[in-house]
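Just so it is clear, the values below take in all heavy atoms, side chains as well, and ignore hydrogens, waters and symmetry mates. Naming convention: chains lettered A, B, ... in sequence-line order (proteins, then strands); numbering from 1 in each chain. Computed from a predicted model, the values in this text were never measured in an experiment.
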Amino acid sequence: MIDPKLLRQAPDDVARNFARRGMDFDVQRYLELEEQRKTLQVETETLRNERNTSAKNIGKAKAKGEDIEPLLAAVKDLGDRLDNSESRFGAVQDELQSIELGLPNLLMDDVPVGDDESANVEIRTWGSPARFDFDAQDHIDLGAKLGMLDFDAAAKISGSRFAVMRGDLAHLQRALIQFMLDTHVSEHGYVEAYVPYLVQDHALLGTGQLPKFEEDLFKTTTETPFYLIPTAEVPLTNFARDVIFDADQLPLLFTAHTPCFRSEAGSYGQDTRGMIRQHQFEKVELVHLVAPEESEQALEVLTGHAEKILQMLELPYRVVTLCSGDVGFSAAKTYDLEVWLPGQQKYREISSCSNCTDFQARRMKARVRNADTGKPELIHTLNGSGVAAGRALIAVMENYQQAEGSIQIPSVLQPYMSGATEISRGS
RNA sequence: GGAGAGAUGGCUGAGUGGUCGAAAGCGCUCCCCUGCUAAGGGAGUAAGGGCUUAUACCCCUUCGAGGGUUCGAAUCCCUCUCUCUCCGCCA
């Protein structure tokens, strides 16, 4: 949620910011509701005050042994008036809240304006796309020929958008995950976390997936429904729920490996081939919980941590700043890391690093006590993939492929692969 | 799954219908005192929201959550969640 006070005091500024996302915010409608809210809130609280005051007087009178009948008669209809006022106030408040929960974060000033991903701005590249003296294959063919990547088996078990891996390829994904976690913990200072993969609605409300994007999530049919996490950002960021940190406790850096589950509703026809877009994939996530004035710098640092993984794997990539139309709901600014995939001859997203400023913190009441004022204020939250393991596996397969279809193992992964240097059929 | 106990402010912990947003202690902040240290004295110390130019007053909400009874609920009733202990089962 954005700051309701800002929304109230400068709705036109807010609307202009939303317009950069291509979103039309009905200021007039909002202000009307807000006016009603104000009137009804004052009315309701005045009535409550009246009730409280008379209840106290009745109590005092009774203690003195006075006759309280006239006092009771005086408040006879107060209850009904209060009920009536409260229910009208509640209705307006609910409506306002549902509007506010549906509003995205405010974009930072330096986010480039554009409608969609074609307007994203490349800010740097690292490495250069490999040239092969043979026809480069994509991961699907490579995996099939190795006999280690099996979409038919996955389809039998679970349908489309699932993968089965066997042997060294399954091992290689595990190696990637281990390598990433180890690097973030020992070189970047993160605390490794193990977290629930099933979460309740309030956790998703806190990070912004709910209420607006329910159709993207898998949900259990149990009595208290659980959602399968679409990213470890959800449990990791919710560590800060309802907490008031001391200033010296921040920043907090967490990393976790989890599977991620996404319904991919609305992405029919996109990336249906291969392992790019799955209902279930593995990811190592990075989350920063920081003091508000630190978040801009923290985004650069966090992005650097994700980049470091690709550099160590020697995978060519580029960094793009997402344009206003492509920035996610909860983010104020986002850098995407796009890795080069020889099989597609394209850069494809492998990490997305966002500064969510106080947007998630406000939803989950995550605060820090300001050392100077002693007052609690909202923290800033950031998250990024460090990096998506499934896509990293694809990138390694395609970038490290050999003419005969085997795959070299990047040197940093060899210790995690019992010293093996390549994967080949039957290995 | 069965039986029992519990959930109060940063912490410990009192409080079974009114003057309780809540005793006391600890912690923390400020002041005083003592040459230093130790000890002592005093004052203050929850969060969110409304109104407001205002971090000033004033007001509202919150004692696990949600309902209910009542003029009035931390306190009584109902439902739920979580924690702890014992038994059973289980990785």
For [N] and [X] - does any side-chain N or O of the residue sit under 4.0 Å from the phosphate oxygens OP1/OP2?
X	N	answer
A:R362	B:G49	no
A:R8	B:G50	yes
A:R367	B:G48	yes
A:N49	B:G50	no
A:R37	B:C51	yes

Round to the nearest Å and state the distance from [X] atom [atom1] to [N] atom [atom2].
X	N	atom1	atom2	value
A:R369	B:G48	CZ	P	8 Å
A:E377	B:U55	CD	P	15 Å
A:D246	B:G27	CG	P	17 Å
A:R363	B:G48	CZ	C1'	18 Å
A:N52	B:C71	CG	C1'	11 Å
A:L47	B:C60	CG	P	12 Å
A:Q200	B:C82	CD	P	8 Å
A:N370	B:U29	CG	P	16 Å

>> Apply ring pair (Phe, Tyr, Trp, His ring centres under 6.0 Å) to residues A:F261 and A:H279 and explain how you reach the verdict.
In response: CA-CA 5 Å; A:F261 304 94; A:H279 286 309; 9.9 Å; no
Would you measure the distance from the [atom1] atom in [N] across to the matching atom in [M] and give it in whole Å?
N	M	atom1	result
B:A73	B:A65	P	15 Å
B:C89	B:C11	C1'	37 Å
B:C57	B:G41	C1'	32 Å
B:C77	B:U70	P	16 Å
B:G64	B:G6	C1'	11 Å
B:A5	B:C59	P	41 Å
B:U19	B:G27	C1'	30 Å
B:G66	B:U8	P	16 Å

>> Let me spell it out: for each of A:E34 and A:A55, pick the nucleotide of RNA chain B with the closest heavy atom. Which residue's pick is nearer the 5' end?
In response: A:A55
> Closest nucleotide of RNA chain B for A:Q41 versus for A:I58: which of these residues is on the 5' side?
Replying inline: A:Q41
Could you tell me whether the side chains of [X] and [Y] share a donor-acceptor contact shorter than 3.5 Å?
X	Y	result
A:S330	A:N105	no
A:Y400	A:E422	no
A:T381	A:Q360	yes

Considering Watson-Crick and G-U wobble pairs with both distances under 3.5 Å, what does [N] pair with?
N	answer
B:C90	none
B:U37	none
B:C30	B:G42
B:C11	B:G25
B:U69	none
B:U75	none
B:A3	B:U85
B:G48	B:C60

>> Could you measure the distance from the NE2 atom of A:H288 to the CG atom of A:L252? Nearest 0.5 Å is fine.
In response: 10.5 Å
>> Test ring pair (Phe, Tyr, Trp, His ring centres under 6.0 Å) on A:Y190 and A:H305; report intermediate values, then the result.
In response: CA-CA 10 Å; A:Y190 287 76; A:H305 292 158; 5.3 Å; yes
Side chain of [X] - closest among [options]:
X	options	value
A:E45	B:G48, B:G49, B:U52	B:G49
A:R51	B:C71, B:A47, B:G50	B:C71
A:P376	B:C71, B:U61, B:G48	B:G48
A:K5	B:G48, B:G50, B:C59	B:G50
A:I244	B:A47, B:C71, B:G50	B:A47
A:K62	B:U61, B:C71, B:C51	B:C71
A:K56	B:G18, B:G72, B:G21	B:G21

>> Tell me if the CG atom of A:D116 is crowded by more than 12 foreign heavy atoms within 6.0 Å.
In response: yes
>> So for atom CD, which belongs to A:E100, do other residues, nucleotides or ligands contribute more than 12 heavy atoms lying within a distance under 6.0 Å?
In response: yes
> Looking for any heavy atom pair under 4.0 Å, which part of the strands does A:N57 touch: base, sugar-phosphate only, or nothing?
Replying inline: nothing
